[in-house]
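Side-chain atoms are counted along with the backbone in the values below, which use heavy atoms only and exclude waters and symmetry mates. Here is the naming used below: chain letters follow the sequence lines, and residue numbers restart at 1 for every chain.
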Amino acid sequence: MENTERLNPQQEQAVTAGNGQILVIAGPGSGKTRVLTQRIVYLMRTMGIRPYNILAVTFTNKAAKEMVTRIEGTLGENVQGSMWIGTFHSVCARILRREAGALPFDSNFVIMDTDDQQSLIKRIIRELNIDEKSFKPNALHNAISNAKNELQFPEDFPRSNYREETLYRVYERYQKDLLASNSLDFDDLLLWTHKLLTDNPQIRDNYRRRFHHILVDEFQDTNTVQYQLLKLLAGPDGNLFAVGDEDQSIYRWRGADYRNILQFEKDYPHCQKILLEQNYRSVQNVLDAAGGVIDRNKNRTPKKLFSDRGAGELIGLYEAEDDRDEARFVADTIQRLIENGNAKGGDFAVLYRTNAQSRLFEDAFLYRGMAYRLVGAQRFYGRREVKDMIAYLRLVFNPHDQISLTRVINVPTRGIGAKAQENLNLAAYESQKSSGAVLLDLGRLGPESVYWPEMGRSALPLADFGAKLMGWREQMNSDPSIVNLMDRIIRETGYQSWLEADSDGEDDRWDNVEELRKMAYEYEERGISEFLQNLALVSDQDTVSENPDCPTLMTLHAVKGLEFNRVFIIGLDDGVLPHSRSFDDPEEMAEERRLFYVGITRAKNSLTLVRAEQRMSYGQTDSMIRSRFLNDIPQDLIRPLNEKTSARMNRTASQRTSRWENSPSWSRGMFSAASSGTSTYTKSSDPIRRTGSSITTKPPAQKSAAKESAETEFHALDKVRHSSWGEGTVLESKIEGDDEIVTIQFKSVGLKKVIAGMTKLVKLSKPIS
DNA sequence: GCGTTACATATTTTT
DNA sequence: TATGTAACGC
């Protein structure tokens, strides 16, 4: 985003708005982050607010980090210690740990992630003898999550029919089990904080007094609890600065409700509403296309995005014969532009509705030997091997953690099967202890343990594992190093060789464990407790390089907040882009539209839309009709790409597939509504979930090409002086948007990132000694 | 326990 | 198609 220029009048108005409630509707690319950070700077510099009195809430760690970087870069002072900037979840976790005295759990609670929740629910279903056919774990999980988002504890949950009664029983048990392991799930963090602040007015008032100014990012994505929390913290007359955009709300299915924006205006009738419509990212054609699509939605603040970047190219539209042709077209186009020297790999993003769509594109890129980056569904922390190691550490830290125990008790397999676990759990239940406690008893006393006889044949392997667990606990207590503990666990369980033997074809699984080991290393000083506490709240995006020099493949959801020079949106077919699951619900259709809108507005200079007449889904070829959303783009902005590309493609013999080689007339005109209108649309285009790596760059050989188009003023190893942090050495400097972000190792305060130009940064001619 | 097979099931995933 | 898993037999 530009930043050397002055704020535009609306931005200025937002930044310098006085006290009270401010609602900033920030269109895509309108300098939202800048307004937010400048606002904080303004509060501190001009209004004299202490950082201690400011709370800024975001949805992602990345956004929080970015804000810290920018604020510190601008102010030239450290605010991280005093100002609270973080995600809803991390802020709540922090509050809960501070106030645990008033809560039914310990301050060192552990946060369960989605997988943990899922397996816990599965176990409960089995234990309560509930019919697994009519109550799917996923559905139950959703029901519980929704209940929590709507501020319902089990006792508040409706029980007016059999179904609800069953849900209630699972929910109640689920909550009980979580507390028994001193664990909270993501939703609990918000729910318990809400309860804490509601039940304890004096605690609530403490926080109200502290947070004079509350700022929220991505306000359209708040759910009920989150919005209620904000209101609790701000109070009826508080200073609440909310930035959002109804049009970019794409997480409805997770409880997000963009109508909180409307609600905000009702709840705070005196609020100031400011509209940011000037776009600094895209050319006007892209914005007009986006406007055409989004204007059809109701319940929104009408906006007219404008840009001074010129009209730019027309929006390309390619109607492929089938999905392979679709991938082929995109890969060829990208390859051509790169080879011509007209673009760099990093300029491109290929966006799609569902992860399954990435497959053909991966094939196409691999076939051409082109590097690409896949931002995938499978998260780093969701990987089995990573989760296993975390579960081990959690179990050592807290042997009563039943969920972790269940996860690793027989991984790698050590002769503790279903029967043995049953015995163990039963004995625990009967003696009113946790399974972990019984296990430790067996480990310590062996055959002398009172539990030994009832374990039957499984006594030995159980005692053996118990003894190991005991050893690890001793290790943890005598040696604070997490890495040493991890290494010992790996050694004594033979985890590495088991993993390597077990993983068929997947070569990078051990790498993931090593990656976790690295992360643990960073926590050596803070200790295992903090490591475990933070683990679930850390997103893996933080560990990934920002701009690789290659095209990125990702879902429309994942691209939110990013921008690319050239964007391809693929799969513009009814049933894929408005996804067929959304057909019967107008709200869902509106969200599909927003999703498309978000995709379009990622493009800075060039946007190409692609669809396919036929697609393969579940081994079946379906005829598709063009997405209804295409009709909402002003038609004079669209340039059909078919004929041209067809001519070129016929010359590229080596890349043909036999399929379209013989195809009679695959090249269609721009609007093939007539031909496709006759085709039958068969419903299922539901894709399959890919289990891939979270964020992968392939082929690895081309992974880390060092580039940076624009020239940086500072370079690695430059010695510099900063107005308040003193002297330091530049480690890295790179252009992000229009900012130059300089990473500096300061003698006084260590590693910091600074925005050149925002702060006085003087190059020292002579090296500092 | 482990390996096989049959079977249903298949958006999106900030924390 | 392709994947995760439940059920079965060794």
Worksheet item: Out of B:dT13, B:dA10, B:dT15, which nucleotide sits closest to the side chain of A:T114?
Response: B:dT15
Worksheet entry | 5' precedence on DNA chain B between A:R353 and A:K136 (nearest-nucleotide basis) | A:K136
Please list, for nucleotides 5-10 of chain C, all pairs of protein and nucleotide N/O atoms separated by less than 3.5 Å.
none

Worksheet, complete the sentence: A:F59 CZ to B:dT14 P, in whole Å, measures 13 Å
Worksheet entry | By side-chain hydrogen bond (donor to acceptor under 3.5 Å, both in side chains) - contacts of A:R300 (at least two apart) | A:D247, A:D295
Fill in: Side-chain donor-acceptor pair present, A:S627, A:D573, cut-off under 3.5 Å
no
Discussion item. Could you report the tightest heavy-atom contact between A:D401 and A:S181, atom names first, then the distance?
Written reply: CA-CB, 3.9 Å
Practice prompt. Specify the separation, in whole Å, of atom CD of A:E592 and atom C1' of B:dT12.
Written response: 8 Å
Taking N or O atoms only and anything under 3.5 Å, show me the protein contacts with nucleotides 1-3 of chain B, one pair per line.
{"unit_1": "B:dG1", "atom_1": "OP1", "unit_2": "A:G417", "atom_2": "N", "d": "2.6"}
{"unit_1": "B:dG1", "atom_1": "OP2", "unit_2": "A:G415", "atom_2": "O", "d": "2.7"}
{"unit_1": "B:dG1", "atom_1": "OP2", "unit_2": "A:G417", "atom_2": "N", "d": "3.3"}
{"unit_1": "B:dC2", "atom_1": "OP1", "unit_2": "A:T413", "atom_2": "OG1", "d": "3.2"}

Discussion item. Here's one to test your reading of the geometry: is the NZ or CZ of A:R611 within 45 degrees of the ring axis of A:F568 and under 6.0 Å from its centre?
Written reply: no
Worksheet item: In terms of side-chain heavy atoms, does A:N425 have a donor or acceptor partner in A:S435 at a distance below 3.5 Å?
Response: yes
Worksheet item: For A:K231, what residues pass the side chain to side chain contact (heavy atoms under 4.5 Å, CB included) criterion, not counting sequence neighbours?
Response: A:Y227, A:Q228, A:D267, A:Y268
Discussion item. Does the Lys NZ or Arg CZ of A:R594 fall within the cation-pi geometry relative to A:Y597 - under 6.0 Å from the ring centre and within 45° of the axis?
Written reply: no
Fill in: Per A:A256 side chain, nearest of listed nucleotides B:dT11, B:dT14, B:dT13
B:dT14
Worksheet item: So which nucleotide from B:dT15, B:dT11, C:dA2 ends up closest to the side chain of A:E588?
Response: B:dT11
Worksheet entry | Listed nucleotide nearest any side-chain atom of A:Y618, set B:dT12, B:dT14, B:dT11 | B:dT11
Discussion item. Does B:dT9 have its OP1 or OP2 closer than 4.0 Å to a side-chain nitrogen or oxygen of A:N138?
Written reply: no
Practice prompt. Give the rounded distance in Å between these two atoms: CG of A:D115 and P of C:dG4.
Written response: 13 Å
Worksheet item: Taking only residues two or more places apart in sequence, or in another chain, which ones meet A:E587 in a side chain to side chain contact (heavy atoms under 4.5 Å, CB included)?
Response: A:R252, A:Y258, A:R259, A:N299, A:D585
Practice prompt. Would you kindly give the CD-to-C1' distance between A:Q357 and C:dT1, to the nearest whole Å?
Written response: 15 Å
Discussion item. Quick check on B:dT15: is either OP1 or OP2 less than 4.0 Å from any side-chain nitrogen or oxygen of A:N61?
Written reply: yes
Worksheet entry | Residues forming a salt bridge (charged side-chain N to carboxylate O under 4.0 Å, His left out) with A:K387, sequence neighbours excluded | A:D113, A:D116
Worksheet item: Whole-Å distance between C:dT1 P and A:D622 CG?
Response: 13 Å
